[in-house]
Protein chains: 2
Amino acid sequence: MTIEKEYSTKLAVDEVTIDRRDIEMLDAIDQHGSMHKAADRLGRSYARLQNRVVEIEDAVGPITERKRGGSGGGGTVLTETANELRRQFDRHEAELDGVARVTESVFPGTVRERTGELATVETAIGSILALVPDDAHAVQVTVRSDAVVLTDPDETPQADDTSLRNQFTGPVTAIESGDAITRVTIQLGTDSPLQALITNASATRLGLETDQPITASFKATAARAIHLESDRRV
Amino acid sequence: MTIEKEYSTKLAVDEVTIDRRDIEMLDAIDQHGSMHKAADRLGRSYARLQNRVVEIEDAVGPITERKRGGSGGGGTVLTETANELRRQFDRHEAELDGVARVTESVFPGTVRERTGELATVETAIGSILALVPDDAHAVQVTVRSDAVVLTDPDETPQADDTSLRNQFTGPVTAIESGDAITRVTIQLGTDSPLQALITNASATRLGLETDQPITASFKATAARAIHLESDRRV
DNA sequence: TGACGTTGTATCCCCATGGATATATCGCTG
DNA sequence: CAGCGATATATCCATGGGGATACAACGTCA
């Protein structure tokens, strides 16, 4: 059973929520210069597509300049508002895509001291400072592998000097290199690997080798806990 | 017009995709011990709910032990598979939630050298090493504010010593403190602010003050570019 | 042995989404 | 001034998801 993380990107603007389909609609209008052609290419009905444009404009203001008559019968071009929507959507989707692609390291633990949304969580590898939901006690802390910074243990500044509040040292157990990115696995507890994504350049600069100790740091704001009690949502 | 980032969490397991509604169903079954009561509490029809359980089990294997007859007429309890699904969903949702909450800093630029999925992007604040999609030229680079590490400029190690490949120094222009987290805004170009989320403890340790210079670093794997050409999806 | 509260199905129907179709309307161009 | 290709809008209908309902089957317990 392989579980894949999925998501769907949305932007909520006042009353409407804009999804991928809307953005594809805008793209098609932009590319073909008319809603009619856009509907054709997308295999959608013109009527619904036109309705949707009006619906969105009611909420966010003009996203198109629509002309009828004239040479070629008229046409539709996007406004800057529409382009900003497209860019914002793309940025959001890129971030969500990052979440779905990146591996995460999981550490079960219990909440100790809490201040606001932050708390220290006692785990098998030691204390982790993380974002913890309210009234959570038994938790799992997840750390995104693209948020883990690796340094040479001999030259690592004290955690006090940076805003990297979590710092752990352990032996490298696996190194997988891709075109540009290397995935490094570090053994911290008896069975608690921490993964880090770094550039190949960083990997060679650090002179990574398996079994060699390395220091992994990550920010408290990049570590998130979920709580394990089952009846939290009901 | 305020735009809010939204998302919906899903797990794709072989043939089915499990969404929030399914997880809430599992929670309710777990809490009430029977599918009937769960359906009642959720305001759903028993028939559909039961169908959905079977549907999911066809794909992922047993997620419930369902008994009929016996004292109390029977009942349903979740399997460990179901609990693992719930935990995985929660972890995924926590990460997506992080994306939607966290502010991002945006830098327009053009792609220079590329190696695999990584490329250097020339921006108003200088070169940024980031994850860049294929065949992109004009791009926007986004940096999550929870991935930005702040250090004292005088004591900052050379970027070469760490896997923090992007490093910029500029004056602090805004400091907003919450219960546990402080949001710091740093001026880099003429109109390119970079935001960072750090713990209040880190903020006081760094002795942050407005107009005072600070060094902000972030990993290449935490910077993502989108491309600006409009007809990419069609 | 019957009562009871489950699980297990099958059928009907409501309703929202969205395509299909038809009909105006508009305004430049030949 | 008619033609054309676009926008604008209303109506009908196919489809699917899911609630409502009904009825069996099951197994412990009084």
Side-chain angles (χ1 to χ4, degrees), chain A residues 8 10 12 15-59 61-79 81-82, chain B residues 8 10 12 15-79 81-82 234:
Chain A
S8 64
K10 291 169 195 166
E15 289 309 289
V16 292
T17 69
I18 290 163
D19 61 7
R20 167 161 263 279
R21 198 163 184 248
D22 294 318
I23 299 297
E24 279 166 357
M25 175 179 76
L26 294 183
D27 287 342
I29 291 172
D30 184 50
Q31 196 189 10
H32 297 107
S34 92
M35 300 198 294
H36 229 97
K37 289 205 192 96
D40 275 359
R41 302 304 163 91
L42 293 174
R44 299 183 54 178
S45 74
Y46 170 81
R48 292 294 156 193
L49 187 143
Q50 196 269 354
N51 273 342
R52 183 59 181 164
V53 169
V54 172
E55 215 171 297
I56 296 178
E57 293 197 323
D58 284 347
I63 57 170
T64 58
E65 280 177 21
R66 313 200 287 282
K67 288 205 193 100
R68 46 183 183 181
S71 75
T76 299
V77 295
L78 299 186
T79 65
T81 304
Chain B
S8 64
K10 292 169 194 166
E15 290 307 292
V16 292
T17 68
I18 290 162
D19 61 8
R20 170 161 260 281
R21 197 163 186 250
D22 294 319
I23 299 298
E24 279 166 358
M25 175 179 77
L26 294 183
D27 287 342
I29 292 173
D30 184 50
Q31 196 189 12
H32 298 108
S34 92
M35 299 197 294
H36 230 98
K37 290 204 190 97
D40 275 358
R41 304 302 163 92
L42 293 174
R44 299 183 53 180
S45 74
Y46 169 81
R48 294 292 157 193
L49 187 144
Q50 196 268 354
N51 273 340
R52 183 59 182 161
V53 168
V54 172
E55 215 171 297
I56 296 178
E57 293 197 322
D58 284 347
V60 315
I63 57 170
T64 58
E65 280 177 22
R66 314 200 286 282
K67 289 206 194 101
R68 47 183 183 181
S71 76
T76 299
V77 295
L78 300 186
T79 65
T81 304
V234 198

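So you know, we letter chains A, B, ... as the sequences are listed, proteins then strands, and number each from 1.
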[X] [atom1] to [N] [atom2], straight-line distance once rounded to whole Å:
| X | N | atom1 | atom2 | value |
| --- | --- | --- | --- | --- |
| A:I63 | D:dT7 | CD1 | C1' | 15 Å |
| B:Q50 | D:dA20 | CD | P | 17 Å |
| B:K67 | D:dC29 | NZ | P | 12 Å |
| B:R41 | D:dG19 | CZ | C1' | 19 Å |
| A:M25 | D:dT7 | CE | P | 12 Å |
| B:R52 | D:dG19 | CZ | P | 12 Å |
| A:Y46 | D:dA10 | OH | C1' | 13 Å |
| A:H32 | D:dT7 | NE2 | C1' | 18 Å |

Next on the checklist: Counting the atoms with a prime plus P, OP1 and OP2 as sugar-phosphate, which does A:R21 contact under 4.0 Å by heavy atoms, base, sugar-phosphate, or nothing?
Outcome noted: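 Here A:R21 touches the backbone only, sparing every base.
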Checklist entry - Can you tell me if the side-chain N/O atoms of A:H36 get under 4.0 Å from OP1 or OP2 in D:dT7? => result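 Answer yes for this pair, as a side-chain N or O of A:H36 is under 4.0 Å from OP1 or OP2.
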Item to check | Rounded distance (nearest 0.5 Å) linking atom OG1 of A:T76 with atom CD1 of A:I29 | outcome: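 Result: 6.5 Å between the selected atoms.
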Checklist entry - First and last nucleotide of DNA chain C touching chain A, 5' to 3', heavy-atom cut-off 4.0 Å? => result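 Extent of the interface on DNA chain C: C:dG18 to C:dT29.
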Next on the checklist: Does any part of the side chain of B:Q50, heavy atoms only, come nearer than 4.5 Å to the side chain of B:T64, both counted from C-beta?
Outcome noted: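 In short, these two side chains do not touch, never coming nearer than 4.5 Å.
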Next on the checklist: Counting C-beta onward and ignoring hydrogens, is there a side-chain heavy-atom pair between A:V53 and A:M25 closer than 4.5 Å?
Outcome noted: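 Yes - at least one pair of side-chain heavy atoms lies under 4.5 Å apart.
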Item to check | Sole residue of A:Q31, A:H36, A:H32 in side-chain hydrogen bond (donor to acceptor under 3.5 Å, both in side chains) with A:R41 | outcome: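 Going through A:Q31, A:H36, A:H32 one by one, the side-chain hydrogen bond (donor to acceptor under 3.5 Å, both in side chains) with A:R41 is satisfied by A:H32 alone.
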Next on the checklist: Donor-acceptor pair, distance only, cut-off 3.5 Å: does the side chain of A:E57 make one with the backbone of A:P62?
Outcome noted: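 No, A:E57 side chain to A:P62 backbone: no donor-acceptor pair under 3.5 Å.
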Item to check | A:T76 vs A:A47, nearer the 5' end of DNA chain D by closest nucleotide | outcome: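 Checking each residue's closest nucleotide, the 5'-ward one belongs to A:T76.
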Checklist entry - Do A:E55 and A:R52 meet the salt-bridge criterion of a basic N to acidic O distance under 4.0 Å? => result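 Yes.
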Next on the checklist: Taking atom types as they are modelled, would you say the side chain of B:R48 forms a donor-acceptor pair with the base of D:dG19 within the 3.5 Å cutoff?
Outcome noted: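 Answer yes: a donor N or O sits under 3.5 Å from an acceptor.
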Checklist entry - Closest heavy-atom contact between B:K10 and B:D19? => result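 Nearest pair, atom of B:K10 first, then B:D19: CG-CB, 4.4 Å.
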